[in-house]
Amino acid sequence: MANEEKPVNFIAEIIEADIRSGKHGGRVLTRFPPEPNGYLHIGHAKSIVLNFGLAQRYHGKTNLRFDDTNPTTEETAYVESIKNDIKWLGFEWAEELYTSDYFETLYEFATKLIRNGLAYVDDSTAAEIAASKGTPTEPGKPTPFRDRSVEENLSLFAEMREGKYPDGAKVLRAKIDLANPNMHLRDPLLYRIKHAHHHRTGDSWCIYPMYDFAHGQSDAIEEITHSVCTLEFVPHRPLYNWLIEQLEIYPSKQYEFARLNLNYTVMSKRKLLQLVNNNYVTGWDDPRMPTISGLRRRGYTATSIRNFCERIGVAKRENVIDVGLLEFCIREDLNKTAWRRMAVLDPVKLVITNYPEGKTEHLSGENNPEVEGGEGERPIPFSRELWIEREDFMEEAPKKFFRLAPGLMVRLKHAYVVQCTDFVKDADGRVTEIRCTYIPESKSGEDTSGLKVKGTIHWVSVPHAKTVTVRLYDRLFNAENPAADEDFTASINPDSLQVIEKAYVEPDLLHAEPGKGYQFIRKGYFTLDTGSTPDNPVFNRTVTLRDTWAKEAQKQ
RNA sequence: UGCCCGAUAGUAUAAUGGUAGUACGACAGAUUUUGGUUCUGUUUGUCUAGGUUCGAAUCCUGGUCGGGCAACCA
């Protein structure tokens, strides 16, 4: 067996059984078959991790196959984004393939069915065909074209290909069973006429195969052993098998699992496209989108997404995963890898009255306390005037408030312990300045003060502070299941983006690298936005830190 | 009122006829120069009614509930 651990899910079990029994000669070849009509989202990531992961685990391979049979919605730009996302997630496909590469073969397959009396050209309109299919409880009836001769069907189908007919004039249908309780077996459509420009085949075709006459056939052509798809294709499986059998091609097998649903978001490409087109977001890669590119821009790592996909499991039961699990996964990864930096998002000035004016000390702080050695240190300038977070001061402190208030002491991270002596308010009652004294012998690393303070706060030296833009993202929807509403845009969160034009950060943050995660101490994880420039650095908040104090404060 | 799929803690997911476990969450505590991290503990579950069996989450039957299936989309 490929490895000693027990199978990770029911599909892995099937594969192991197949390997044991020698089916497919013990070979494992899966495929990931996106349609290039949109960007990949986190639901696709589940499928990618499943398909590529299964192949890796059992020493097989995975093909990337673009299911491009509908030229009116598909574009090369989508192809590029999809390839980029899969690579970024850390997977390598064996072959890059396109269903459109098989158009000629597929056409031959269709003529074989016709020759065997198993397919016919139908001149009925879409409405007529729909009506003649019956309903789930009533059988369908044949249309007047069902019993055309093989010769007539053959020449008509050839004429369809030649472009003799306009869109919708004729279709090719399989001749199966109009009374079958499975609607998909009631003479399904195989080919339709579409005089449309295809992103790869250009204008060489004006008839295009339907999904059911392309997918299984492509699987067979590639000799895919395990064709893994989502639950909505379960009723297609009998048709999948029927066509493979009649065509006498490689017996690929289809297996279905439940797609990923995440609460507080939408996952259908149609809805995501709507968010883009109606400018609810800035694009497919808006950091609030559940797309791979959006998550990446938000600061999610490939590792965290892969871990998430493994942790949610694979089964056939409908499921809704709590977005909190995704957040757990990114925090888990970034906690171990992100370099710590200090940034003040909502500043108020703190003056250390007993610290010499004009003096600067160069303190230092480790980059990553989670790693032995801290991955080195960066210098942090310290002076008499500092920016601190407005929420870290209260005129009157409630119980268990371990921050600043008159008389209270806190440690300034990587620096000294200070005690609040006084504060200044303006005419509107807004605090404009907090005054403290510092304890010189409490310096970090050489503290001889013996003081034990409950709280530590972050800060940035006023004269050394750099200014950056910070974008605070929150969930895009307030409803747990936005798609359940008649209009899913009704529950869009109006506060899903808060822009801070001027946040103060420690100078070293100007050396931030694109694609790297940073923890703004006590505030959350951030990453440089793709639109960031050296002149105007922009940081996106990936996720906040867990905040048990916020919960406590709410109780009070 | 046809066919198909499913039902295990709040959410997911394991247990493949033999002690219902794991993760996230929640709650409590310890540690902490991040109210972060880490550690410890607690909490909550087999849809229902029968049947088979020494023994059923697992097998069988009925029911209930949820989802899917009729696009010239995939």
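The sequence lines fix the lettering, A, B, ..., with proteins before strands; numbering per chain opens at 1. The analysis underlying the following values was restricted to heavy atoms, covering all of them including side chains, and did not include hydrogens, waters or symmetry mates.
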In a check of side-chain hydrogen bond (donor to acceptor under 3.5 Å, both in side chains) between A:R200 and each of A:D101, A:T76, A:T99, which one passes?
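Testing A:R200 for a side-chain hydrogen bond (donor to acceptor under 3.5 Å, both in side chains) against A:D101, A:T76, A:T99 leaves exactly one candidate, A:D101.
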Rounding to an integer number of angstrom, what distance separates [N] and [M] when you compare their [atom1] atoms?
N: B:A15; M: B:G21; atom1: C1'; result: 7 Å
N: B:G55; M: B:A20; atom1: C1'; result: 15 Å
N: B:U31; M: B:C24; atom1: C1'; result: 23 Å
N: B:U40; M: B:U48; atom1: P; result: 34 Å
N: B:U58; M: B:A26; atom1: C1'; result: 30 Å
N: B:G35; M: B:C47; atom1: C1'; result: 42 Å
N: B:U52; M: B:G45; atom1: P; result: 29 Å
N: B:G68; M: B:A56; atom1: P; result: 35 Å

Does A:R340 reach a base, just sugar-phosphate, or nothing at all? Heavy atoms under 4.0 Å.
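Here A:R340 touches the bases of the nucleic acid.
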Heavy atoms only, 4.0 Å cut-off, all strands: where does A:T548 land among base, sugar-phosphate and nothing?
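Contact class for A:T548: sugar-phosphate only.
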Selection from [options] that lies nearest to any side-chain heavy atom of [X]:
X: A:N319; options: B:A12, B:G67, B:A74; value: B:A12
X: A:E370; options: B:A74, B:C72, B:U37; value: B:U37
X: A:R311; options: B:A23, B:G35, B:U37; value: B:A23
X: A:F328; options: B:G25, B:U34, B:C73; value: B:G25
X: A:P136; options: B:A70, B:U34, B:G35; value: B:A70
X: A:L325; options: B:C24, B:A74, B:U34; value: B:C24
X: A:R192; options: B:U34, B:U37, B:C72; value: B:C72
X: A:K413; options: B:U33, B:A70, B:U13; value: B:U33
X: A:R546; options: B:G25, B:G35, B:C73; value: B:G25
X: A:M183; options: B:A70, B:A26, B:G35; value: B:A70

Test: A:R522 and A:E389 ion pair at under 4.0 Å
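The answer is no: the pair does not qualify as a salt bridge.
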Is a salt bridge present between A:E332 and A:R311, judged by a nitrogen-to-oxygen distance below 4.0 Å?
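A:R311 and A:E332: salt-bridged.
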Please state whether the phosphate of [N], meaning OP1 or OP2, lies under 4.0 angstrom from any side-chain nitrogen or oxygen of [X].
X: A:T125; N: B:C72; answer: no
X: A:K551; N: B:A26; answer: yes
X: A:K194; N: B:C73; answer: yes
X: A:R186; N: B:A70; answer: no

Atom-to-atom span, [atom1] of [X] to [atom2] of [N] - whole angstrom:
X: A:Q519; N: B:U33; atom1: CD; atom2: P; result: 16 Å
X: A:N9; N: B:A12; atom1: CG; atom2: P; result: 17 Å
X: A:H195; N: B:C72; atom1: NE2; atom2: P; result: 17 Å

Quick check: closest heavy atoms across A:S461 and A:L386, and the distance to 0.1 Å?
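Smallest heavy-atom distance, with atoms named: CA-CD2, 3.8 Å.
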Do you know the tightest heavy-atom contact between A:H184 and A:P235?
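Shortest heavy-atom separation between A:H184 and A:P235 comes out as CD2-CB, 3.6 Å.
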5' priority, RNA chain B, between A:G455 and A:D167 [closest heavy atom]:
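Here A:G455 is the residue nearer the 5' end.
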Taking the nucleotide of RNA chain B with the nearest heavy atom to each, does A:I193 or A:V234 sit closer to the 5' end?
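Its nearest nucleotide being more 5', the pick is A:V234.
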What about [X], does its side chain sit under 3.5 Å from the base of [N] through a donor-acceptor pair?
X: A:E256; N: B:G68; answer: no
X: A:R411; N: B:U33; answer: yes
X: A:R317; N: B:U13; answer: no
X: A:T456; N: B:U34; answer: no

Please check if any side-chain donor atom of A:T265 sits under 3.5 Å from a side-chain acceptor atom of A:R475, or the reverse.
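No, A:R475 and A:T265 have no side-chain donor paired with an acceptor closer than 3.5 Å.
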Specify whether A:Y107 and A:Y191 have parallel, tilted or perpendicular ring planes, treating 30° as the upper limit for parallel and 60° as the lower limit for perpendicular.
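Perpendicular: the ring planes of A:Y107 and A:Y191 meet at over 60°.
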With a centroid cutoff of 5.5 Å and a plane-angle limit of 30°, would you call A:Y211 stacked on B:A74?
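Here A:Y211 fails the 5.5 Å or the 30° condition.
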Relative to A:Y165, does A:K170 satisfy both conditions: NZ or CZ under 6.0 angstrom from the six-membered ring centre, and within 45 degrees of the ring's axis?
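So A:K170 does make the cation-pi contact.
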